[in-house]
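Have a look at the structure below before the remarks.
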Amino acid sequence: MNKKGFIFDLDGVIVDTAKYHFLAWQRLAKSLDIDFTEEENEQLKGVSRVKSLEKILSWGNKTISQEKFIELMGKKNEEYLSYIAEMDSNEILPDVPRVLNSLIKKQQPISLGSASKNARVILERVNLKKYFDAIVDGNDVSKAKPDPEVFLIAAKLLGMKPEQCIVFEDSVAGVEAANVANMISIGIGSKSVLGHAKYVFKDFTEISEEFIKELINN
Ligand code: B16
Ligand code: MG
């Protein structure tokens with residue numbers, strides 16, 4: 001059997017933690033008198049913690065000291081972690097376990113490629129850590145998506161060339177990162193947002209066994 005490197009983003013692909021990021025960022029924005037909508041939250045998907053706070057501050061035309069910046073990031077993460085602590089496997093997005101199991105059966109190497117510094121905790125909470133041969137997250141990279149660093153490290157850890165890798169991503173920046181890395185990008189979400197991906201599916205329920213075999217053999 002052929003081998004490909006399968007790389008999964010976390011938030012928005014495996015679990016929907018965007019809603020918890022939103023709640024935590026929203027409370028923080030309120031404390032700074034910044035209005036912050038769910039639409040604006042879309043622009044924070046796949047974006048690092050530092051970049052997210054920079055964006056929120058710029059929407060509110062606010063500048064703060066470096067000290068305050070670090071304090072606020074800590075507060076946001078504390079609140080976010082309190083939501084994560086309540087997560088369990090019911091929050092895994094539809095058909096993700098089916099696809100992971102199918103890949104395991106076919107002995108395909110699997111890695112995580114996430115911007116989140118909390119990725120390991122989340123995978124443990126939802127009991128999916130055992131599926132991954134490698135985990136690359138926000139603690140392992142110096143450049144955020146759309147830079148391809150996170151996916152290139154994942155490919156290396158799996159012992160695969162970039163062109164042998166397939167990336168599942170829900171964010172614009174993540175799809176761009178996969179394309180720049182010369183990997184096959186699969187967008188999970190809507191075509192209108194992720195039109196730059198090689199393939200786009202609404203979610204994993206649309207990913208058939210035939211398609212998985214095609215990915216492995218082509
Ligand atoms: P943390 P992904 C990203 O995860 C999220 O989509 C993004 O909203 C978040 O700001 C980022 O992780 C950093 O997360 O604060 O937990 O380090 O989609 O790349 O898995
Ligand atoms: Mg994501």
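Basis for what follows: all heavy atoms, side chains included, without hydrogens, waters or symmetry-related copies. Each ligand, and each atom within it, is numbered from 1 in the order the structure gives.
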Exercise. Say whether, by atom type as modelled, one donor and one acceptor occur between the side chain of N218 and the main chain of E214 under 3.5 angstrom.
Key: yes
So, leaving waters aside, the tally of protein N/O/S atoms less than 2.8 Å from the Mg ion (ligand 2) stands at 3
For F69, the ring-ring contact (aromatic ring centres under 6.0 Å, His included) test, sequence neighbours excluded, returns none
Note to self: Tell me if the centroids of the rings in F168 and F204 come within less than 6.0 Å of each other.
What the structure shows: yes
Open item on the list: Whether E54 and R49 form a salt bridge (side-chain N of Lys/Arg under 4.0 Å from carboxylate O of Asp/Glu) is what I want to check.
Closed with: no
Quiz item: Between the side chains of S192 and S190, is a donor N or O closer than 3.5 angstrom to an acceptor N or O?
Solution: yes
Taken in chain and number order and not counting sequence neighbours, the residues that satisfy ring-ring contact (aromatic ring centres under 6.0 Å, His included) with F36 are F22, W59
message = Could you tell me if N179 and S185 have a donor-acceptor pair between their side chains, going purely by distance under 3.5 Å?
response = yes
Next on the checklist: Classify the ring geometry of Y80 against H21: parallel below 30°, tilted from 30° to 60°, perpendicular beyond 60°.
Outcome noted: parallel
When you pair each N or O of ligand 1 with protein N or O atoms, which pairs come out under 3.5 Å?
residue: ligand 1; atom: 4 (O); partner: D11; partner atom: OD2; Å: 3.0
residue: ligand 1; atom: 6 (O); partner: G46; partner atom: N; Å: 2.8
residue: ligand 1; atom: 8 (O); partner: L44; partner atom: O; Å: 3.1
residue: ligand 1; atom: 10 (O); partner: V47; partner atom: O; Å: 2.7
residue: ligand 1; atom: 12 (O); partner: S116; partner atom: N; Å: 3.4
residue: ligand 1; atom: 15 (O); partner: R49; partner atom: NE; Å: 2.7
residue: ligand 1; atom: 16 (O); partner: S116; partner atom: OG; Å: 2.7
residue: ligand 1; atom: 16 (O); partner: N118; partner atom: ND2; Å: 2.7
residue: ligand 1; atom: 17 (O); partner: R49; partner atom: NH2; Å: 3.1
residue: ligand 1; atom: 17 (O); partner: K117; partner atom: N; Å: 2.6
residue: ligand 1; atom: 18 (O); partner: D9; partner atom: OD1; Å: 3.0
residue: ligand 1; atom: 18 (O); partner: D9; partner atom: OD2; Å: 3.2
residue: ligand 1; atom: 18 (O); partner: D11; partner atom: O; Å: 3.2
residue: ligand 1; atom: 19 (O); partner: D9; partner atom: OD1; Å: 2.9
residue: ligand 1; atom: 19 (O); partner: A115; partner atom: N; Å: 2.7
residue: ligand 1; atom: 19 (O); partner: K145; partner atom: NZ; Å: 3.1
residue: ligand 1; atom: 20 (O); partner: D9; partner atom: OD1; Å: 2.9
residue: ligand 1; atom: 20 (O); partner: L10; partner atom: N; Å: 3.2
residue: ligand 1; atom: 20 (O); partner: D11; partner atom: N; Å: 2.9
residue: ligand 1; atom: 20 (O); partner: S114; partner atom: OG; Å: 2.7

Decide whether M87 and V96 are clustered together by the hydrophobic rule: side chain heavy atoms of Ile, Leu, Val, Met, Phe, Trp, Tyr closer than 4.5 Å, transitively. yes
